[in-house]
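Since the structure is predicted, the reported quantities are computational estimates derived from the model, not experimental observations.
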Amino acid sequence: MEKIFSFRYALLLAIYILSLMLPTNQAVSKKDLETINVNLSLTELIPVTTNPIINNEYTLNVLGTTVSIDESTESILSKLGNPSRIVETDMDFEYYVYNNNYSKLLFVAINNNKVVGFYTDSIDFNYLGITPSSSFEDINDILSSDYPMDYVITHRTKAHTLHLLIDEVGTKKVTGILVLDADLEHMGYNSTSIMGAELLVYDLTNSMRARNGLTPLSWSSTAAKAARRHSTDMANNNYFDHYSLYGKSPGDRLREEGIYYKNMSENIIAGYGGAIISTHGWYNSPNHRENILDKNYRCLGVGFTYQEESHFKTFITQVFYR
C-alpha cells in the first residue's frame, strides 16, 4: 500500500527485508515503496544539565557545557577535547564529530576556526529551552509560532536556520536539533565529503539505537561497498528500487562482496539531501525504523552518492546484516 504525504518537496524511501531462513539463491518479493515527508522526531528522554542554562539563539547547552555560534575552535577543543573524527561536508564547513557516547552524539560545524552551527540528539541538550522532553506544543510556545506537526520543523531567523527533528510516529517529541549559520554556502560533493556523509549516517543510526537501549552496529566497509555501488547505479540510471535494472537483489550484492549472512535488510532513500535529514526520515517511517532498531543485526554499511543530472540528486543505501 502506498501512502503520500506533503512537505516542501516529494521524497522517496523504500525498505527491503529478507527473512532469516531465506536460501541464498532464492528470489525475494519487494515491499511497496513509500513516499514520505521531510520532518523529524525524537524519543522521550530526561535532559541532564550540570551548568546554568543559557537561553539564546547562539548557545547550545550540551555535555555539561556550552557550544556557541562564533566560538573559537580552540575554545571548543578545550571544552570537549579532540573530536573522534573531522568530516568534510558539501557545505563550507567541517563537522567535528563527538561520538564516544552514542547517547550523547554531537556534531560541531567549524568554518575558519569558529563555530558556525551544531547538531545534537544528546539526552542532555537544551537550546532556547527546547530539550529532548519538549512536546510539539512546547516548541510552538517557545518559538511563539504555530507550526503544524511535522517531523522536521524549520525555523528561520536573519542569523540562523533551526531544524527541529520530531518523532512524529512515536513520542511526538524532539529527537534532535540542527542549527546552521544563515550565510553558509554549498560547495558540492567530492569523494571525501561523500565518504563523510556515509559515516555521519552510521553515527546517527547508532545514536538512534543507543537511545532505544540497543548496542551499536559495527561498520562494514565491505557492505558499504555494496551499498555505494547500488546508490551509484540508481543515480546513474535514474531509477529507485531495491532491485537493479538487471534484477540483482540486496542479497545478491552482499554475496558478490563475499558476505554470507543469516539475515539482512536494506533501507534506501532518494531526494532527501544529506545525512541528518535522510536518517531522521528513515526513523520516521515505521518499517525503516524497524530495521534501524532491529536487535538482531550486528553490522551496517552505508553508500551515498550525488548525481546532479539525476531526478533525485542524492541517493543513500543502508545495508544491515548478521
Side-chain angles (χ1 to χ4, degrees), residues 40 42 45-134 138-145 152-166 173-187 196 200 203-204 207 274-277 280:
L40 306 130
L42 93 128
L45 297 163
I46 300 175
V48 179
T49 306
T50 57
N51 285 1
I53 301 300
I54 301 173
N55 288 332
N56 64 60
E57 65 174 317
Y58 299 98
T59 299
L60 169 70
N61 294 266
V62 68
L63 306 184
T65 187
T66 59
V67 176
S68 298
I69 301 294
D70 290 334
E71 185 173 357
S72 70
T73 305
E74 182 181 6
S75 175
I76 293 298
L77 294 176
S78 69
K79 292 177 180 179
L80 299 174
N82 291 327
S84 300
R85 59 172 164 263
I86 297 175
V87 171
E88 184 177 325
T89 74
D90 61 311
M91 303 293 288
D92 57 344
F93 64 82
E94 299 174 317
Y95 272 132
Y96 281 35
V97 175
Y98 292 89
N99 64 3
N100 290 333
N101 180 348
Y102 273 122
S103 67
K104 295 186 176 183
L105 182 65
L106 172 66
F107 304 156
V108 181
I110 300 290
N111 180 32
N112 291 327
N113 289 315
K114 68 177 183 179
V115 176
V116 294
F118 35 74
Y119 165 85
T120 189
D121 54 23
S122 176
I123 60 173
D124 70 344
F125 81 81
N126 186 311
Y127 180 72
L128 298 176
I130 297 169
T131 74
S133 63
S134 295
D138 293 333
I139 291 167
N140 274 328
D141 183 55
I142 291 169
L143 298 179
S144 300
S145 59
V152 176
I153 295 172
T154 300
H155 180 78
R156 301 183 190 278
T157 70
K158 290 183 178 180
H160 309 112
T161 299
L162 164 64
H163 299 287
L164 291 165
L165 311 175
I166 314 300
K173 299 191 179 196
V174 176
T175 49
I177 62 163
L178 170 63
V179 178
L180 292 174
D181 190 280
D183 295 327
L184 295 172
E185 297 182 7
H186 185 259
M187 306 299 290
L200 293 179
D203 286 331
L204 290 158
S207 179
I276 294 173
I277 300 298
H280 278 275

Could you walk me through whether Ile276 and Leu200 pass the side chain to side chain contact (heavy atoms under 4.5 Å, CB included) test, one step at a time?
CA-CA 8 Å; Ile276 294 173; Leu200 293 179; 5.7 Å; no

For Tyr127 and Leu162, run side chain to side chain contact (heavy atoms under 4.5 Å, CB included): C-alpha distance rounded to whole Å, both residues' side-chain angles, the deciding distance at 0.1 Å, then the answer.
CA-CA 10 Å; Tyr127 180 72; Leu162 164 64; 4.0 Å; yes

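- Residue pairs meeting the ring-ring contact (aromatic ring centres under 6.0 Å, His included) criterion with at least one member in residues 55-92, sequence neighbours excluded: Tyr58-His160.
- Between the side chains of Thr131 and Ser133, a donor-acceptor pair is found at a separation under 3.5 Å.
- Put simply, the side chain of Asp124 reaches to within 4.5 Å of the side chain of Lys104, judged on heavy atoms.
- With Ser207 contributing its side chain and Leu204 its backbone, the two residues share no donor-acceptor pair below 3.5 Å.
- For residues 56-83, the pairs satisfying salt bridge (charged side-chain N to carboxylate O under 4.0 Å, His left out) are Asp70-Lys114, Glu71-Lys79, with sequence neighbours left out.
- Taking Phe93 as the reference, Tyr95 meet the ring pair (Phe, Tyr, Trp, His ring centres under 6.0 Å) condition, with sequence neighbours excluded.
- Side-chain contact between Asn111 and Asp181 is absent, with no heavy atoms from C-beta onward closer than 4.5 Å.
- Between Tyr119 and Leu165 there is a side-chain heavy-atom pair separated by less than 4.5 Å.
- Evaluation of the side chain to side chain donor-acceptor pair (under 3.5 Å) rule for Asn101 yields Ser103 as partners, not counting sequence neighbours.
- Taking the side chain to side chain donor-acceptor pair (under 3.5 Å) definition, one finds that Thr120 meets it with nothing, sequence neighbours left out.
- Evaluation of the side chain to side chain donor-acceptor pair (under 3.5 Å) rule for Ser145 yields Asn140 as partners, not counting sequence neighbours.
- Within the structure, salt bridge (charged side-chain N to carboxylate O under 4.0 Å, His left out) pairs that include any residue of residues 84-93 comprise Arg85-Asp203 (at least two apart or interchain).
- Listed by chain and number, the residues in a ring pair (Phe, Tyr, Trp, His ring centres under 6.0 Å) with Tyr98 amount to none (sequence neighbours excluded).
- For Ser84, the side chain to side chain donor-acceptor pair (under 3.5 Å) partners are Asn99, Asn100, not counting sequence neighbours.
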Could you walk me through whether Val116 and Leu180 pass the side chain to side chain contact (heavy atoms under 4.5 Å, CB included) check?
CA-CA 6 Å; Val116 294; Leu180 292 174; 5.7 Å; no

